[in-house]
K.L.:
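Once you've had a glance at the structure underneath, I'll fire off some questions.
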There are 2 protein chains.
Amino acid sequence: MPTPPSAKTPAKAKETGREASSGPAKGKRVGIREIASKAEVSVATVSMVLNNNPKITASTRQKVNRVVKELGYRPNRIAQSLSSKYTNIIAVLMPTLRHTMADPYFGELISGICDKAARLGHKVMLEHAKPDFVREKRHVDLFDRRYIDGVMCIGFSDKHTFLRDFADGGHLAMMVNNVATDMDLDYVVCDYASGAEQVMTYLSQLGHRKIGMIHGAPDVWTMRQMMEAFRARLVQDSGGVADGVMVDGRFTEEHGYAAACRLLDKHPDTTAIFAGNDKMALGALHCAAERGLRVPGDVSIVGSDNIQYAAFVNPALTTVNTPLYDAGMLACERLVERIRGRKEPVAEVLPTHLVLRQSTGIVRQNGVAEPAE
Amino acid sequence: MPTPPSAKTPAKAKETGREASSGPAKGKRVGIREIASKAEVSVATVSMVLNNNPKITASTRQKVNRVVKELGYRPNRIAQSLSSKYTNIIAVLMPTLRHTMADPYFGELISGICDKAARLGHKVMLEHAKPDFVREKRHVDLFDRRYIDGVMCIGFSDKHTFLRDFADGGHLAMMVNNVATDMDLDYVVCDYASGAEQVMTYLSQLGHRKIGMIHGAPDVWTMRQMMEAFRARLVQDSGGVADGVMVDGRFTEEHGYAAACRLLDKHPDTTAIFAGNDKMALGALHCAAERGLRVPGDVSIVGSDNIQYAAFVNPALTTVNTPLYDAGMLACERLVERIRGRKEPVAEVLPTHLVLRQSTGIVRQNGVAEPAE
DNA sequence: CTGAAAGCGCTTACAG
DNA sequence: CTGAAAGCGCTTACAG
């Protein structure tokens with residue numbers, strides 16, 4: 001247990017009189033029966049009023065609501081869940097990357113999910129798919145033990161075959177900004193293929209012919225979309241006009257940095273780098289800076305996702321805007337629809353667009369990279 | 001509803017035969033009574049085995065556990081919660097900043113909380129304290145409606161007086177990386193005062209005398225700690241040797257950028273800038289770059305928190321490492337202790353240390369800033 | 001050490 | 001349109 005290293009330690013909180021762990025509040029919580037008796041109706045009627053059952057007269061409704069307000073009655077959600085079919089909780093399930101929550105990519109998705117869920121009266125529960133979590137089938141437990149009504153899956157790839165268990169068990173799951181190949185799961189995804197095409201068109205217009213790509217794991221469906229678009233464009237532009245190489249940057253700054261270094265070592269004639277996400281693009285930017293390469297003077301760099309930081313690096317990053325927050329919102333909305341009875345599977349694609357900033361420019365004249373200044 | 005703008009639209013998921021919304025799985029879920037009858041004991045015994053009640057014989061325990069395993073029995077958590085005093089869920093409550101979840105600061109805290117909670121068998125629920133949320137006292141509802149056993153509060157300031165409601169209602173709340181002045185709440189916080197002192201000592205050693213600070217809202221306790229340390233050091237070093245000014249950067253890159261510009265406009269002789277968090281430091285870095293000021297040649301810049309990006313900007317940022325992830329872990333651990341009966345209030349301070357990188361250097365010789373090159 | 005019973009606080013058919 | 005009763009699936013005193 002760490003001790004205050006500084007003299008400016010906050011004053012010790014006083015021992016409080018309140019019974020810290022002696023359960024739900026002081027006094028007897030008011031329950032549905034008190035409301036019923038005070039309103040002179042049955043508990044069934046109170047319940048129906050609370051649930052906006054249309055069978056109830058406006059007058060009884062008023063009468064009950066008045067008492068509810070008077071006594072400050074708040075129905076016990078646990079009891080409601082036990083009696084009804086729903087918990088009104090959805091889970092957000094994600095892989096255990098290093099401090100996942102601190103990632104702006106996941107953050108945007110989750111922000112969208114949370115905001116929409118709150119509006120729809122649902123709570124959201126956070127869950128990490130650690131190895132033992134999966135091994136012990138605790139992802140299924142989320143449903144079997146009645147924690148949740150549905151689950152949103154973010155950050156997974158085709159390798160995460162345990163996701164099948166959801167469909168197999170008849171449980172409601174939604175892929176957010178990804179598609180699970182052959183798993184028959186609902187999804188809402190941004191149009192990464194189009195984003196990559198826009199990047200390639202733009203770079204081509206700027207005169208770039210020697211283009212490198214820093215990609216992430218290709219078992220991620222969206223990444224595959226980008227890689228295929230990259231390759232397809234190279235083929236299409238070929239006849240010798242375009243050339244490209246691909247290196248793995250594993251979605252992180254660190255590996256994006258290393259990938260960029262490798263790329264520039266092997267192909268010093270590279271004039272543009274397309275990174276599969278902004279973090280790898282930042283890594284590439286770092287590599288360029290370290291080598292004294294001017295961006296975009298010597299090499300143009302493009303990212304993808306348009307995370308918050310993309311606008312605040314030097315030079316500001318040209319990138320593909322993928323509406324992550326909106327994807328989170330829509331996915332949540334659709335999942336709740338499913339929970340409420342929607343039968344048709346969900347398969348939505350959100351448009352993407354290029355955001356031009358300072359990290360891209362027309363191709364340099366001489367074909368060989370040389371230090372700036 | 002957006003339509004696929006690209007040709008590469010994923011194949012439509014097939015309409016599935018499964019009953020999407022017809023409730024918990026197929027077939028009758030196995031309950032505690034089935035286990036009881038198959039194991040030839042009472043349900044009470046099964047329950048006690050499940051809860052590791054020491055009163056149960058090893059042999060009955062075995063017998064029951066075998067059946068539990070055989071039938072793959074998973075106790076219904078809702079029913080458990082209704083009967084017992086606990087939900088085994090804690091909430092993480094935070095203000096509604098722009099896409100809060102995408103913020104690395106909050107992300108680190110939440111990552112720590114989640115990881116520890118999972119290890120302790122607790123689920124975590126995410127909650128945003130929007131204006132109407134607070135107005136309708138829904139933060140109290142979290143307890144009154146039995147959603148949660150305790151709440152972790154992150155990102156709040158002294159202005160958020162609604163936090164008093166927790167202590168007033170006898171509910172378990174924990175401030176994470178902050179202290180609620182006069183609110184009598186448990187807390188776990190990093191030692192920001194010491195961090196700021198280390199920064200000032202270091203800058204002083206480098207010869208800096210004209211130091212500016214970009215701070216955030218002073219009603220945030222931790223920020224006040226830093227500001228006081230900054231001021232105290234200036235006074236201590238005075239007799240004309242040190243001078244400083246403070247501008248508000250509101251915790252964001254944008255305002256940090258603006259604040260740095262204002263600072264450098266008014267005080268062009270500033271040789272070092274201490275920003276209250278890394279985001280504002282990045283804004284300052286951006287401002288310097290835009291003006292052609294070399295960092296650290298013309299001006300040194302220091303941040304605080306050591307978020308992931310701090311190492312990947314140009315130049316890499318010197319900053320104070322505040323162990324946010326650890327703070328989240330410890331806060332979670334302590335909150336669960338409280339839930340389980342701990343009586344003493346929690347008041348922990350975690351040590352911080354300076355991380356030296358490229359954005360700081362010895363003071364420039366001439367006292368006036370001039371464009372680089 | 002184990003069992004029978006009451007109860008947690010709601011909702012939902014089923015009567016009236 | 002409303003009420004009395006059963007039930008959701010557990011845990012917890014209370015007897016034995």
Side-chain angles (χ1 to χ4, degrees), chain A residues 22-25 27-65 67-68 71-88 141 143-147 149, chain B residues 22-25 27-65 67-68 71-88 141 143-147 149:
Chain A
S22 65
K28 191 89 177 71
R29 297 226 65 264
V30 22
I32 198 172
R33 22 198 351 154
E34 283 89 301
I35 305 300
S37 69
K38 285 244 161 63
E40 299 179 300
V41 296
S42 74
V43 294
T45 303
V46 176
S47 173
M48 288 168 140
V49 170
L50 257 30
N51 294 296
N52 291 314
N53 190 316
K55 286 192 257 183
I56 303 293
T57 331
S59 66
T60 17
R61 183 178 303 279
Q62 269 195 330
K63 189 170 53 174
V64 171
N65 278 330
V67 180
V68 164
L71 302 193
Y73 169 62
R74 317 267 62 196
N76 181 322
R77 182 96 270 288
I78 303 287
Q80 289 182 316
S81 297
L82 187 60
S83 299
S84 78
K85 217 166 48 180
Y86 307 109
T87 64
N88 283 7
D141 267 16
F143 288 95
D144 285 351
R145 301 197 57 193
R146 304 242 23 233
Y147 275 107
D149 295 333
Chain B
S22 66
K28 190 90 176 70
R29 299 226 65 264
V30 22
I32 199 172
R33 22 198 351 154
E34 282 92 302
I35 305 300
S37 69
K38 284 243 160 62
E40 300 178 301
V41 296
S42 74
V43 294
T45 305
V46 176
S47 174
M48 287 167 140
V49 169
L50 259 29
N51 294 297
N52 292 313
N53 190 316
K55 288 192 255 181
I56 303 292
T57 331
S59 66
T60 16
R61 185 178 301 281
Q62 267 196 332
K63 192 170 52 174
V64 171
N65 277 329
V67 180
V68 165
L71 302 194
Y73 169 64
R74 317 267 62 195
N76 180 321
R77 184 96 265 288
I78 303 288
Q80 290 183 314
S81 297
L82 187 59
S83 300
S84 79
K85 215 167 48 180
Y86 307 109
T87 65
N88 283 7
D141 268 15
F143 288 95
D144 285 350
R145 301 197 55 193
R146 304 240 24 232
Y147 274 107
D149 295 333

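Below, chains carry the letters A, B, ... as their sequence lines are ordered, and counting in each starts from 1.
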K.L.:
With the side chain of A/Ser84 defined as its heavy atoms from C-beta on, choose the nearest nucleotide among C/dC10, D/dT11, C/dT12.
P.N.:
C/dT12
K.L.:
Grab the CG-C1' distance between A/Leu71 and C/dG9 for me, whole Å please.
P.N.:
16 Å
K.L.:
Report the nucleotide, chosen from C/dT12, D/dC10, C/dT2, that has the shortest atom-to-atom distance to any side-chain atom of B/Ile32.
P.N.:
D/dC10
K.L.:
Side chains of A/Glu34 and A/Val67: does their closest heavy-atom pair fall under 4.5 Å?
P.N.:
no
K.L.:
Starting at atom CG of B/Leu50, determine the distance to atom P of C/dT2, rounded to an integer number of angstrom.
P.N.:
15 Å
K.L.:
Any sub-3.5 Å donor-acceptor pair from A/Arg146's side-chain atoms to A/Leu82's backbone N or O?
P.N.:
no
K.L.:
Select base, sugar-phosphate, or nothing to describe what A/Ile56 touches, counting heavy atoms under 4.0 Å on all strands.
P.N.:
sugar-phosphate
K.L.:
May I ask you to verify if any side-chain N or O of B/Tyr86 is less than 4.0 angstrom from the OP1 or OP2 atom of D/dC10?
P.N.:
no
K.L.:
Are any of A/Ser83's side-chain N or O atoms less than 4.0 Å away from OP1 or OP2 of C/dT12?
P.N.:
no
K.L.:
Any side-chain N or O of A/Asn76 below 4.0 angstrom from OP1/OP2 of C/dC8?
P.N.:
no
K.L.:
From CG of A/Asn51 over to P of C/dT11, roughly how many Å is that when rounded to an integer?
P.N.:
5 Å
K.L.:
Can you tell me how far P of C/dC1 sits from CD of B/Gln62, to the nearest Å?
P.N.:
16 Å
K.L.:
Considering heavy-atom distances to DNA chain C, does B/Ala79 or B/Ala44 have its closest nucleotide positioned more toward the 5' end?
P.N.:
B/Ala44
K.L.:
Would a 4.5 Å heavy-atom cut-off, applied to side chains only, mark B/Asn65 and B/Val49 as touching?
P.N.:
yes
K.L.:
Without decimals, in angstroms, what is the distance between B/Lys55 NZ and D/dT12 C1'?
P.N.:
9 Å
K.L.:
Provide, to the nearest angstrom, the distance between the CG atom belonging to A/Asn52 and the P atom belonging to C/dT12.
P.N.:
13 Å
K.L.:
It should be established whether A/Ser81 places a side-chain nitrogen or oxygen under 4.0 Å from OP1 or OP2 of nucleotide D/dC8.
P.N.:
no
K.L.:
Quick one: B/Leu82 CG to D/dG9 P, roughly how many Å, whole number?
P.N.:
12 Å
K.L.:
Nearest-Å distance, CE (B/Met48) to P (D/dT11)?
P.N.:
10 Å
K.L.:
Paired with D/dA4 by Watson-Crick or G-U wobble geometry, both distances under 3.5 Å: which nucleotide is it?
P.N.:
none
K.L.:
Counting only side-chain N and O atoms of B/Ser47, is one of them less than 4.0 Å from OP1 or OP2 of D/dT11?
P.N.:
yes
K.L.:
From C-beta outward on A/Gln80, which listed nucleotide comes closest to its side chain: C/dG3, D/dC10, C/dT11?
P.N.:
C/dT11
K.L.:
Determine yes or no for a side-chain-to-main-chain donor-acceptor pair under 3.5 angstrom, with A/Thr57 supplying the side chain and A/Ser59 the backbone.
P.N.:
no
K.L.:
Examine distances only and state if a side-chain atom of A/Ser81 and a backbone atom of A/Arg77 form a donor-acceptor pair shorter than 3.5 Å.
P.N.:
yes
